[in-house]
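Heads up: the structure comes next, in structure tokens.
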Amino acid sequence: QTKIWVVDKNRSELEKEPAIQEAALWINKGEVIAFPTETVYGLGADARNDKAVKKIFQAKGRPGDNPLIVHIGEKEQLHHVTRSLSCCAEQLMERFWPGPLTVILPKKEGLSSRVTAGLDTVAVRMPSHPVARALLQVANVPVAAPSANRSGKPSPTKAAHVMEDLDGKIKGVIDGGDAGYGVESTVIEVIEDIVWILRPGGVTKEQLAEVVGEKRVKETTTSSHAPKSPGMKYRHYAPNTPLLLVDGNVAMQREITKRRHAGQTVTVMAREAMRASSEEANHFVSLGQSLEEVAARLYDQLREADRTDADVILCETFPPDGLGRAIMNRLEKAASG
Ligand code: TXA
Ligand code: MG
């Protein structure tokens with residue numbers, strides 16, 4: 001039985017809420033709890049407790065070679081998980097923490113080796129969501145937390161998504177309403193003053209460049225000798241229905257017509273601007289208008305599109321700037337073509 005605690009994230013003194021206290025106690029006892037962050041819902045366990053961390057991998061069905069992000073509530077906790085900090089990494093934490101930035105750092109003894117999948121580095125982030133912060137403060141341990149979905153499925157942006165995937169498999173979920181950004185944190189690693197983006201996310205390349213300069217920010221996807229993130233090799237975020245990415249209104253209209261003639265049921269997932277040219281489709285699932293809206297709705301609408309009776313989901317593409325970079329990265333992983 002998975003317990004659901006509903007918590008209003010806008011309440012003051014969240015750390016005194018009985019729900020937060022109880023959830024934190026379960027984490028201290030070695031259980032796993034799902035909780036909201038400003039990106040997506042996370043599935044948390046005490047990062048120093050090997051048995052607890054094992055439960056995360058079991059509940060998610062996650063491959064053991066894909067390491068987890070360690071979440072901290074205060075910057076002071078950093079020295080419990082890492083040995084050293086480059087000044088560039090420190091600058092970026094200063095600017096973007098708490099928030100959707102994950103930094104790969106040399107790991108320190110004491111963490112479960114499952115968290116780091118045997119690597120000598122650890123991924124660390126300090127979330128800004130008030131519920132996540134309260135939970136981390138009360139639990140007072142570093143909390144390992146991947147996204148709270150079954151491995152391979154779209155990440156959860158609502159407590160209901162967590163229940164869809166993990167009901168009965170975890171101790172509880174704190175329902176703090178919709179997550180914020182809707183795409184996961186940006187994962188970076190600083191090597192010799194170059195900031196490598198291992199996974200694009202809530203903090204954009206442009207924002208990183210504002211702090212360290214454009215020349216020093218690089219994307220691993222465009223370089224063959226870049227550092228690697230184990231998670232990026234897996235297919236992710238995939239709905240059960242085949243997902244196809246289509247560039248622009250004209251191509252979209254053509255693709256819909258072709259498939260309707262072939263007798264297929266078609267669901268289009270796109271921004272409002274494409275609604276008119278999608279008239280012939282059987283279903284239209286809206287991604288809103290701004291890129292912020294697209295990011296916030298993306299995973300929810302992927303699940304929604306998957307619930308339609310479609311043979312195929314056609315989704316529009318986005319220019320790879322700002323948040324568009326993270327959105328396209330997720331769509332490409334979810335898509336079959
Ligand atoms: O927004 C987020 O980051 C969410 C919330 C819950 O905080 N978490 C999340 O975790 O997205 P997860 O496990 O779904 O993704 C973690 C990513 C994976 O791609 C993993 O391979 C990478 O971080 N990663 C973790 N440790 C690493 C390390 N030591 N070196 C390189 N990549 C690492
Ligand atoms: Mg994930």
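Counting convention: from 1, in listed order, for ligands and their atoms alike. Below, all heavy atoms of this structure are taken into account, side chains as well, without hydrogens, waters or symmetry copies.
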Select the closest option to atom 26 (N) of ligand 1 among Ala145, Ala117, Pro67, Pro100, judged by heavy-atom distance.
-> Pro67
Contact atoms of ligand 1, heavy-atom distance to Ile104 under 4.0 Å = 27 (C), 28 (C), 30 (N), 31 (C), 32 (N), 33 (C)
Give, for atom CG of Asp300 and atom CG of Leu298, the distance between the pair rounded to the nearest 0.5 Å.
-> 9.5 Å
For ligand 1, which atoms, with element, lie under 4.0 Å from some heavy atom of Gly42?
-> 6 (C)
Decide yes or no for Val285 and Arg307: does some side-chain heavy atom of the first lie under 4.5 Å from some side-chain heavy atom of the second?
-> no
Separation between CG (Leu101) and OG1 (Thr186), nearest 0.5 Å, reads 6.0 Å
Would you call His71 a ligand 1 contact, heavy-atom distance under 4.0 Å?
-> yes
The closest protein heavy-atom partner of atom 32 (N) of ligand 1 is Ser229 OG, 3.0 Å
Looking at His71 and Pro127, what are the two nearest heavy atoms and their distance?
-> CD2-CG, 4.0 Å
Enumerate the atoms of ligand 1 whose separation from the nearest heavy atom of Ile69 is less than 4.0 angstrom.
-> 3 (O), 8 (N), 9 (C), 10 (O), 16 (C)
Counting from 1 in the order shown, the ligand 1 atoms closer than 4.0 Å to a non-hydrogen atom of Thr121 are 28 (C), 29 (N), 30 (N)
Near Arg11 CZ, under 6.0 Å, is it more than 12 heavy atoms from other residues, nucleotides or ligands?
-> no
Provide the closest heavy-atom pair for Tyr41 versus Gly176 in the form atom of the first, atom of the second, distance.
-> OH-N, 3.1 Å
Nearest neighbour in protein (non-hydrogen) for atom 3 (O) of ligand 1 | Ser185 OG, 2.5 Å
Heteroatom N/O/S of Ser147 within less than 2.8 Å of the Mg ion (ligand 2) | yes
Would you say Thr116 touches ligand 1, if touching means a heavy atom closer than 4.0 Å?
-> no
Specify the protein heavy atom at minimum distance from atom 5 (C) of ligand 1: its residue, its atom name, and the distance to 0.1 Å.
-> Thr39 OG1, 3.6 Å
Check ligand 1 against Ser147 and write out every atom of the ligand that is under 4.0 Å from a heavy-atom position of the residue.
-> 8 (N), 9 (C), 10 (O), 12 (P), 14 (O)
If you compare Glu189, Glu184, Glu38, Arg199 by their heavy atoms, the one closest to atom 15 (O) of ligand 1 turns out to be Arg199
Below 4.5 Å, heavy atoms only, C-beta onward: do Arg303 and Asn149 meet side chain to side chain?
-> yes
Quick one: CZ on Arg114 to NZ on Lys51, what's the gap to the nearest 0.5 Å?
-> 10.5 Å
Within a radius of less than 6.0 Å around NZ of Lys16, do more than 12 heavy atoms belonging to other residues, nucleotides or ligands occur?
-> no
Ligand 1 to Ala123, heavy atom cutoff 4.0 Å, flagged ligand atoms 25 (C), 26 (N), 27 (C)
Ranked by distance from atom 20 (C) of ligand 1, the top protein heavy atom is Asn66 OD1, 3.3 Å
At a 4.0 Å threshold, what atoms of ligand 1 neighbour a non-hydrogen atom of Pro146?
-> 6 (C), 10 (O), 12 (P), 13 (O)
Quick one: does Lys107 get within less than 4.0 Å of ligand 1, heavy atoms only?
-> no
Can you tell which of Arg125, Glu184, His129 makes a side chain to side chain donor-acceptor pair (under 3.5 Å) with Thr39?
-> Arg125
Is His283 close to Val268 at the side-chain level, that is, under 4.5 Å between some pair of heavy atoms?
-> no
Ligand 1 atoms in contact with Leu119 (distance to a heavy atom under 4.0 Å) = 28 (C), 29 (N), 30 (N)
